[in-house]
Structures are given as structure tokens and as C-alpha cells.
Amino acid sequence: MLKWLLALPFAVFILFNAYVYGNILTYRALAPHHTSFMNMRMSQFADEGRAVELDYRWVPYNQISVNLKKSLIASEDAGFAEHAGFDWNGIRNALRRNERSGTIRAGGSTISQQLSKNLFLNESKSYIRKAEEAAITSMMEAIMDKDRIFEIYLNVIEWGYGIYGAEAASQHFYRIPASALNKPQAALLTARVPAPLFFIDNPKSPKLRGKANIVLRRMGSAELPETE
């Protein structure tokens with residue numbers, strides 16, 4: 001019995017990663033029906049008594065504005081086109097900040113890591129969860145092309161209460177398709193990404209415009225992954 005109890009966590013780990021691996025293979029060709037983060041967030045809204053409807057609209061990579069692609073890379077992961085899923089300098093800096101604060105706050109997450117968490121994990125902050133995120137990120141980078149990783153990321157990001165993906169966000173905030181976003185619009189959408197619900201609740205926050213201005217200045221140097 002003791003042996004079985006000791007083996008159980010390893011069995012769960014193996015089964016979960018087999019499930020993840022199978023889904024990543026599927027996502028090379030098919031859009032995710034939903035993500036772990038969407039499920040968690042919608043359950044949270046229901047528990048809070050909020051009447052929130054899910055607005056998740058998948059659009060192909062070539063139907064999303066280059067301006068939004070560049071603004072997100074400039075803001076979230078400048079080395080996305082070159083690295084293998086991890087920004088080691090960012091991770092070292094995050095570890096130092098966490099050590100100084102005594103808590104796990106900064107994660108140094110790349111776009112690939114953010115997508116791994118979004119698709120399969122929860123919002124808990126622990127080094128065990130970060131280790132699982134790293135394992136999923138490695139699998140995803142080995143199986144998918146960069147442009148496919150970015151395409152999924154663009155389509156599943158949270159932008160507000162029940163608003164997921166570039167198309168839903170573009171329609172909600174500007175009443176235009178994601179393909180038509182200009183640079184200022186893309187920068188403002190990107191500025192919302194780290195705290196989308198905060199900016200929905202605080203639309204006049206000076207932080208939004210300030211972050212958008214920084215993104216605008218950085219967009220010109222953003223390097224997109226090469227499409228195949």
C-alpha cells in the first residue's frame with residue numbers, strides 16, 4: 001500500500017503530461033475549444049454571481065494585424081522569435097526579485113510560457129507549478145512552429161470579462177476586425193494584457209495610456225517569427 005501511495009504522484013504526473021502532449025499535437029492543426037484559464041475564470045465569475053458570457057472568436061494568424069503582433073512581442077517577449085521558450089536573463093532577474101520579496105511574484109515568463117499556463121494550468125504561484133509550466137513549454141516548442149504558438153496565444157489572451165482573443169477584443173473595444181487594428185489601437189490593447197480586468201474596471205487609469213506609449217516606442221524593433 002505504501003508503495004502505491006508513493007507511486008501515485010508520479011503516475012498522476014505522467015498521465016497529465018501524456019494528456020498535455022496529446023493536446024499539443026492536436027493544437028498543431030486545430031484551435032483549442034477552450035483553455036484551462038478560460039474555464040477557471042468563467043467559474044470564478046459564476047461563483048461571484050456575475051452574468052458574464054464567453055466571447056472567444058478564433059481567427060487565422062493572417063487575419064490579425066501585424067501591429068498587434070509587434071506590440072505584443074515588444075511588450076511581453078522581445079526575444080520570442082529567437083529563444084527556445086525561455087528567457088534565461090528574465091528568469092534570473094525574476095528569481096532575484098522573488099528572493100528579495102520573500103514571495104513568488106515575478107515569473108520572467110515568455111509568450112510560450114504564458115500560453116502553456118493559459119492552456120493547461122492554473123494561477124497558483126509555486127515553483128512546482130513553474131516546473132510543470134517549463135515542461136509543457138519545452139514540449140510545445142519541440143512540437144509546434146513559432147508562428148503556430150503565437151497564433152494560439154493571440155487567440156486565447158484575456159482582454160476583459162469573458163473576452164478572449166484578438167478578434168473578440170478588437171470588436172469589443174473598437175468595433176472593427178482584428179486585421180484592421182492600427183498602431184495606437186494595438187498598443188492600447190497590448191497595454192491591457194497584464195491586468196485586463198483592472199483596466200475594464202478603471203478605464204481612465206493613467207497606467208493604461210502610459211504603458212501604451214511605451215509599447216508604441218518599442219514596436220518598431222519587434223521581430224516577428226517567420227511564417228512557414
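All values below come from the heavy atoms of this structure, side chains included, with hydrogens, waters and symmetry mates left out.
Here the straight-line distance linking atom OG of Ser205 with atom CZ of Phe198 works out to 4.0 Å at 0.5 Å rounding. Interatomic distance, CD1 of Ile200 versus CD of Glu158, reported as 9.5 Å (0.5 Å rounding). Between the CD atom of Glu223 and the CG atom of Asp77 there is a distance of 11.5 Å, given to the nearest 0.5 Å. Taking CG of Asn118 as the reference point, atom OG of Ser36 lies at 8.0 Å (rounded to 0.5 Å). Rounded to the nearest 0.5 angstrom, Leu154 CG and Trp58 CH2 are separated by 9.0 Å. Atoms CD and NZ, from Glu82 and Lys146 in turn, are 8.5 Å apart once rounded to the nearest 0.5 Å.
Looking only at distances, a side-chain donor or acceptor of Gln113 sits under 3.5 Å from a matching main-chain atom of Thr110. Listed for the Arg148 side chain is no donor-acceptor partner under 3.5 Å among the backbone atoms of Met144. Although no hydrogens or angles enter the test, the distance criterion places a donor-acceptor pair under 3.5 Å between the side chain of Asn182 and the main chain of Gln185. Asn155 contributes a side-chain N or O that, together with a main-chain N or O of Glu151, makes up a donor-acceptor pair within less than 3.5 Å. Asn67 places no side-chain N or O within 3.5 Å of a backbone atom of Ala186 that could act as its donor or acceptor partner. Remark: side-chain polar atoms of Ser71 are not paired, donor with acceptor, to backbone N or O of Val215 under 3.5 angstrom.
Salt-bridge annotation for Glu133 and Lys130: present, with a side-chain N of the basic residue lying under 4.0 Å from a carboxylate O of the acidic one.
When the options Val193, Ile214, Thr190 are evaluated for a side chain to side chain contact (heavy atoms under 4.5 Å, CB included) with Ser75, the one that passes is Thr190.
With a 4.5 Å cut-off on side-chain heavy atoms, Leu72 and Ile157 count as touching. At least one side-chain heavy atom of Phe13 sits under 4.5 Å from a side-chain heavy atom of Asn17. You'll find the side chain of Tyr56 reaches within 4.5 Å of the side chain of Met38, heavy atoms only. Annotation: side chain of Arg129 is in contact with side chain of Lys117 (closest heavy-atom distance under 4.5 Å). In this structure the side chain of Arg57 reaches within 4.5 angstrom of the side chain of Asp55, judged on heavy atoms.
Looking at every heavy atom in both residues, Glu76 comes nearest to Pro194 through OE2-CG, 4.0 Å. Shortest non-hydrogen contact noted between Ala134 and Phe86 is O-CZ, 3.4 Å. Closest approach of Met219 to Ala187, counting heavy atoms only: SD-CB, 4.5 Å. Ile24 and Ile136 make their closest contact through CD1-O, 4.1 Å (heavy atoms, listed as atom of the first residue, atom of the second, distance). Here the closest non-hydrogen pair linking Leu119 and Ile152 is CD2-CG2, 4.4 Å. Here the closest heavy-atom approach between residue Pro196 and residue Gly160 is recorded as CB-N, 3.9 Å.
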Checking side-chain contact (heavy atoms from CB on, under 4.5 Å) for the pair His34/Leu54: CA distance, chi angles, key distance, verdict? CA-CA 10 Å; His34 53 74; Leu54 179 66; 5.7 Å; no
Just do the side-chain contact (heavy atoms from CB on, under 4.5 Å) check on Glu132 and Leu121 with the steps written out, would you? CA-CA 8 Å; Glu132 183 58 51; Leu121 301 173; 3.8 Å; yes
Starting from the C-alpha separation in whole Å, work towards a yes-or-no answer on side-chain contact (heavy atoms from CB on, under 4.5 Å) for Gln171 and Ile176. CA-CA 5 Å; Gln171 294 287 353; Ile176 60 173; 5.8 Å; no
Output, in order, the C-alpha distance, side-chain angles, deciding distance and verdict of side-chain contact (heavy atoms from CB on, under 4.5 Å) for Ile73 and Phe150. CA-CA 9 Å; Ile73 285 180; Phe150 198 30; 3.7 Å; yes
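For residues 152-192, every residue pair satisfying the ring pair (Phe, Tyr, Trp, His ring centres under 6.0 Å) rule, not counting sequence neighbours, is listed here: Phe45-Tyr161. Residue pairs meeting the salt bridge (charged side-chain N to carboxylate O under 4.0 Å, His left out) criterion with at least one member in residues 206-219, sequence neighbours excluded, do not occur.
For the 3.5 Å distance criterion, the side chains of Ser65 and Ser179 fail to qualify, holding no donor opposite an acceptor. A side-chain donor-acceptor contact under 3.5 Å links Glu141 and Ser112.
In this structure Tyr27 satisfies the side chain to side chain donor-acceptor pair (under 3.5 Å) test together with Asn23, sequence neighbours excluded.
Under a cut-off of 6.0 angstrom, the local environment of CD in Glu48 is crowded, with over 12 non-hydrogen atoms contributed by other residues, nucleotides or ligands.
Hydrophobic clustering of Ile, Leu, Val, Met, Phe, Trp and Tyr side chains at less than 4.5 Å, counting indirect connections, keeps Leu224 apart from Leu216.
Using cut-offs of 30° and 60° on the angle between ring planes, the pair Phe120 and Tyr19 is perpendicular.
Under the 6.0 Å distance and 45° angle rule, Lys69 does not count as a cation-pi partner of Phe80.
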